[in-house]
Amino acid sequence: MLRVAVPNKGSLSETAGQMLLEAGYTGRRDPKSLYLADERNDVEFFYLRPRDIATYVGSGALDVGITGRDLLLDSGSSAVEVAPLDFGSSTFRFAGPAGKYADLRDLEGVRVATSYAGLVGAFLEEHGVHADLVSLDGAVESAVQLGVADAIADVVETGTTLRAAGLEIFGPVILRSTAVLISSNGEPAGLDVLQRRLQGCSSPASTC
Ligand SMILES: Nc1ncnc2c1ncn2[C@@H]1O[C@H](COP(=O)(O)OP(=O)(O)OP(=O)(O)O)[C@@H](O)[C@H]1O
Ligand SMILES: O=P(O)(O)OC[C@H]1O[C@H](OP(=O)(O)OP(=O)(O)O)[C@H](O)[C@@H]1O
């Protein structure tokens with residue numbers, strides 16, 4: 001059976017579950033279930049935190065998973081992106097107090113709060129900028145007002161949360177992210193069927 005990791009909570013979970021249902025797989029009845037065997041489709045689903053999915057798949061404990069590209073890169077896991085899926089898109093950006101920063105170079109020696117230290121650290125290193133990363137679990141927009149950081153790096157969708165905190169975007173796009181199908185380095189039996197069925201669902205001429 002193909003062992004598939006699916007987000008159990010957060011921004012990606014509802015659409016991922018819906019997409020699997022539309023693709024003909026069995027969905028969990030109880031939103032708290034962590035496991036479901038879909039024997040008709042020869043698939044087992046493991047409902048996990050999206051942030052942990054790349055770790056499970058990269059270690060080989062699970063064959064494939066649905067997560068965010070940003071979460072995959074942040075994890076440092078050896079799992080690989082197989083294909084983008086048509087939901088969960090976001091942009092990963094730097095932001096600071098309105099008018100204070102204009103360029104990536106302005107972050108030299110600055111405290112930058114983020115929940116994605118792996119992703120942001122790699123980006124800064126690639127660009128030769130030395131900032132002090134402050135790792136937070138979420139709601140990082142408050143870090144500047146509360147004085148634990150000077151700038152932030154976070155997921156931006158509409159920009160509403162940033163504006164409400166008196167922050168504005170600056171510098172280059174760190175990453176354009178979307179939900180992705182990932183696998184351990186290889187092609188487990190059944191991946192092609194899952195991929196075809198998921199991508200069929202998200203195409204304009206959907207056949208699910
Ligand atoms: N508006 C959004 N806010 C947060 N994440 C989003 C948004 N839109 C898309 N995403 C994507 O969802 C994934 C983050 O999901 P995750 O469940 O880890 O965080 P979350 O939705 O903020 O939930 P939590 O509050 O539990 O951290 C990332 O891949 C991110 O790019
Ligand atoms: O640009 P916007 O449309 O305002 O969306 C972006 C915000 O949404 C997410 O937060 P979420 O509510 O998921 O909480 P979190 O920060 O605790 O993860 C993200 O971390 C930003 O804070």
Side-chain angles (χ1 to χ4, degrees), residues 4-20 27-28 31-34 45-58 62 64-77 79-98 101 111-123 133-183 198-199 202:
V4 185
V6 183
N8 74 327
K9 287 186 179 175
S11 301
L12 304 179
S13 66
E14 199 180 321
T15 314
Q18 193 57 38
M19 196 179 233
L20 286 164
R28 58 179 179 170
K32 288 202 165 190
S33 300
L34 299 181
F45 293 113
F46 294 82
Y47 298 91
L48 299 164
R49 283 296 160 96
R51 184 169 277 284
D52 298 333
I53 284 176
T55 303
Y56 282 98
V57 173
L62 298 179
V64 298
I66 295 172
T67 187
R69 180 181 292 142
D70 44 10
L71 293 170
L72 168 65
L73 295 174
D74 189 59
S75 71
S77 151
V80 294
E81 180 174 328
V82 175
L85 299 171
D86 197 20
F87 71 101
S89 59
S90 68
T91 313
F92 210 89
R93 301 296 304 255
F94 291 108
Y101 303 112
R111 297 171 304 163
V112 180
T114 186
S115 313
Y116 292 73
L119 175 66
V120 178
F123 185 86
L133 294 185
V134 178
S135 284
L136 297 175
D137 209 29
V140 300
E141 289 86 352
S142 297
V144 175
Q145 271 172 335
L146 294 174
V148 306
D150 309 299
I152 67 161
D154 197 18
V155 173
V156 179
E157 194 187 7
T158 62
T160 310
T161 317
L162 280 184
R163 278 191 296 278
L167 303 175
E168 68 179 22
I169 283 167
F170 69 92
V173 173
I174 302 168
L175 182 74
R176 288 190 200 286
S177 187
T178 181
V180 291
L181 185 62
I182 63 169
S183 83
L198 285 178
Q199 290 187 320
S202 62

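Counting starts at 1 for both ligands and their atoms, in listed order.
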> Counting heavy atoms only, which part of Pro50 comes closer than 4.0 Å to ligand 1: side chain, backbone, both or neither?
Replying inline: side chain
> At a non-hydrogen distance cut-off of under 4.0 Å, which region of Glu157 contacts ligand 1 (side chain, backbone, both, or neither)?
Replying inline: side chain
>> For ligand 1 and Arg69, I'd like to know whether there is a polar contact (N/O to N/O, distance under 3.5 Å).
In response: no
Which ligand 2 atoms does [X] reach within 4.0 Å, using its non-hydrogen atoms?
X	value
Thr158	1 (O), 2 (P), 3 (O), 4 (O)
Ala139	15 (P), 16 (O), 17 (O)
Gly138	16 (O), 17 (O)
Glu141	21 (C), 22 (O)
Val155	6 (C), 19 (C), 21 (C)

Tell me which protein heavy atom sits closest to [atom], plus the residue, atom name and distance to 0.1 Å.
atom	answer
atom 4 (O) of ligand 2	Thr161 OG1, 2.4 Å
atom 14 (C) of ligand 1	Tyr116 OH, 3.9 Å
atom 20 (O) of ligand 2	Asp154 OD2, 3.1 Å

>> Using the side-chain contact (heavy atoms from CB on, under 4.5 Å) definition, which of the options Val120, Thr114, Val112, Leu167 pairs with Ile152?
In response: Leu167
> Where's the contact between Asp137 and ligand 2, heavy-atom distance under 4.0 Å: side chain, backbone, both or neither?
Replying inline: neither
> ring pair (Phe, Tyr, Trp, His ring centres under 6.0 Å) between Phe46 and Tyr56: does it pass, once the steps are laid out?
Replying inline: CA-CA 10 Å; Phe46 294 82; Tyr56 282 98; 8.4 Å; no
